[in-house]
Amino acid sequence: MDLSYTAEQDAFRAEVRAFLAEHLPKRLSEKVRLGKRLTKSEMEEWHALLNAQGWLAPNWPAAYGGAEWDAVQRQIFEEEACLAYAPRVVPFGLMMLAPVLLAFGSEEQKRHYLPRILSGEDWWCQGYSEPGAGSDLASLKTRAQRDGDHYVVNGQKTWTTLGQHANWIFCLVRTGTEGKPQEGISFLLIDMATPGVTVRPITLIDGEAEVNEVFFDNVRVPVANLVGEENKGWTYAKYLLTHERTNIAGVGFSNAALATLKQVAAQTLSGGKPLAQNPHFAARMAQVEIDLMAMRTTNLRVVSAAAKGQAPGAESSMLKVKGTQIRQELTSLLRRATGPDAMPFLPDYLEGGDNQTLDLPEHAPAAAPSYFNMRKLSIFGGSNEIQRGIITKAILEL
Ligand SMILES: Cc1cc2nc3c(=O)[nH]c(=O)nc-3n(C[C@H](O)[C@H](O)[C@H](O)COP(=O)(O)OP(=O)(O)OC[C@H]3O[C@@H](n4cnc5c(N)ncnc54)[C@H](O)[C@@H]3O)c2cc1C
């Protein structure tokens with residue numbers, strides 16, 4: 001195992017840094033730095049800038065417009081992008097659907113959908129979870145019945161992230177009831193403008209309408225929109241989840257959050273001294289930094305194995321649990337450091353309005369909403385309890 005960077009990798013890091021310095025609009029990075037919410041058009045702006053550079057699809061083959069970066073290059077890009085406060089790239093089309101289409105889609109589907117993901121013409125969302133089918137995903141009930149050259153879809157998806165912006169949804173639907181529940185599931189691409197699709201927002205604890213319920217009422221979907229074979233969707237769904245869980249450690253995000261926390265703790269006074277010198281607070285900051293250093297090493301171990309062609313296995317479950325605990329602890333500490341200043345809830349400020357005169361430190365308005373929002377990290381992408389179950393079986397062999 002070699003954890004040092006090569007001269008080429010250092011040169012790549014310098015190239016990424018130079019690109020971010022020149023092309024990342026300050027307007028966007030300031031919003032990200034202050035924890036403000038980006039509008040759809042701001043997310044599209046960053047998507048288009050990366051696309052123009054050829055860096056939007058790091059792991060796609062060059063033949064389809066991808067950058068063909070290896071795992072180490074992807075890691076370097078993520079670290080640098082987070083440190084520069086670049087917006088996150090919306091992953092559903094680029095990082096989740098695309099790998100499934102590349103592996104299991106028809107040539108026609110690849111040629112049709114992949115360029116539209118790059119251009120931003122199609123915004124995808126993920127229709128896996130249902131009320132009653134989250135951790136136990138195979139119990140999903142949304143039904144797709146064959147009627148000539150169409151499927152007729154009825155049912156409900158939930159927790160659909162950014163579904164309010166999407167024009168397409170990839171869905172797991174039940175096409176068979178024989179055998180094990182996993183055997184009757186298919187992977188279907190649905191145009192959200194089709195009659196019978198309704199999107200209803202769910203407001204989260206931080207006040208943001210980031211997730212949705214999506215209802216299907218006799219929605220007619222062409223059979224051509226089936227990916228792979230009917231009733232084989234579970235295989236494709238699992239393949240997609242391995243891609244959903246890559247980069248889950250969030251090392252880049254945590255590096256940036258730790259830097260902010262240290263700065264705030266050095267500037268905030270508690271009992272006449274910087275908070276960073278308070279023994280209790282200093283001990284928690286030190287612990288989270290040690291955890292982050294240890295996770296960074298584990299992450300590099302996984303990334304270095306992936307660069308040699310080995311698929312990450314149950315280690316990605318370890319990274320998910322540890323990575324999300326660290327990110328949650330960092331938001332918890334920042335909220336504590338902010339104290340009573342974290343109390344005002346300023347939705348207009350978070351949505352981008354900045355003409356208010358706030359007598360608050362600049363990190364204060366987002367401290368509590370970020371803390372509450374980040375509770376989601378241990379639930380989605382397979383809850384941390386489920387990941388612990390995987391570690392128990394696959395690593396500890398219990
Ligand atoms: C903010 C947010 C965004 C999301 N975005 C999307 C999206 O875009 N698309 C999508 O399809 N889904 C999305 N999800 C759904 C997410 O994948 C599910 O919430 C998750 O899989 C958990 O399922 P559940 O909510 O039904 O909880 P349940 O599965 O009912 O679990 C409830 C609790 O029981 C625990 N539990 C369940 N089974 C076990 C077990 N076998 N062993 C130990 N503990 C167990 C869980 O860990 C959890 O604590 C999102 C969720 C959130 C919160």
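Only heavy atoms go into these numbers, but all of them, side chains included; no hydrogens, no water, no symmetry mates. Just so you know, ligand 1 is whichever comes first in the structure, and atom 1 is the first atom listed for that ligand.
- Only side-chain heavy atoms of Ile386 come within less than 4.0 Å of ligand 1; its backbone N, CA, C and O stay farther off.
- Remark: ligand 1 and Glu210 share no N or O pair separated by less than 3.5 Å (distance only, no angle test).
- Proximity annotation for atom 43 (C) of ligand 1: of Met96, Glu385, Gln126, Glu385 comes nearest, heavy atoms only.
- Of the N or O atoms in Tyr128, one or more lie within a sub-3.5 Å distance of an N or O in ligand 1.
- For atom 19 (O) of ligand 1, the candidate residues are Val211, Asn373, Ile205, Ile379; the nearest heavy-atom contact is made by Ile379.
- Of all the listed residues (Phe380, Trp159, Phe92), Trp159 holds the heavy atom that lies closest to atom 25 (O) of ligand 1.
- Between Phe104 and Tyr236, the two ring planes are tilted [angle within 30° to 60°].
- Listed for the Gln109 side chain is a donor-acceptor partner under 3.5 Å among the backbone atoms of Ala224.
- A distance-only check finds no donor-acceptor pair linking the side chain of Gln53 to the backbone of Leu50 [under 3.5 Å].
- On a distance-only criterion, Ser383 and ligand 1 share at least one N/O pair closer than 3.5 Å.
- Remark: ligand 1 and Ser135 share an N or O pair separated by less than 3.5 Å (distance only, no angle test).
- For an aromatic pair to be called close, the ring centres must be under 6.0 Å apart, and Trp69 with Phe77 satisfies this.
- Of the candidates Gly389, Gly163, Ser129, Ser129 brings a heavy atom nearest to atom 18 (C) of ligand 1.
- Set against the non-hydrogen atoms of Lys376, the atoms of ligand 1 under 4.0 Å away are 1 (C).
- By the 30° and 60° cut-offs, the orientation of the rings of Tyr128 relative to Phe170 is perpendicular.
- Cation-pi check for Arg375 over Tyr371 is met; the charged atom lies under 6.0 angstrom from the ring centroid and within 45 degrees of its normal.
- Residue Leu118 comes nearest to Tyr64 through the heavy atom pair CD1-O, 3.5 Å, listed as atom of the first residue, atom of the second, then distance.
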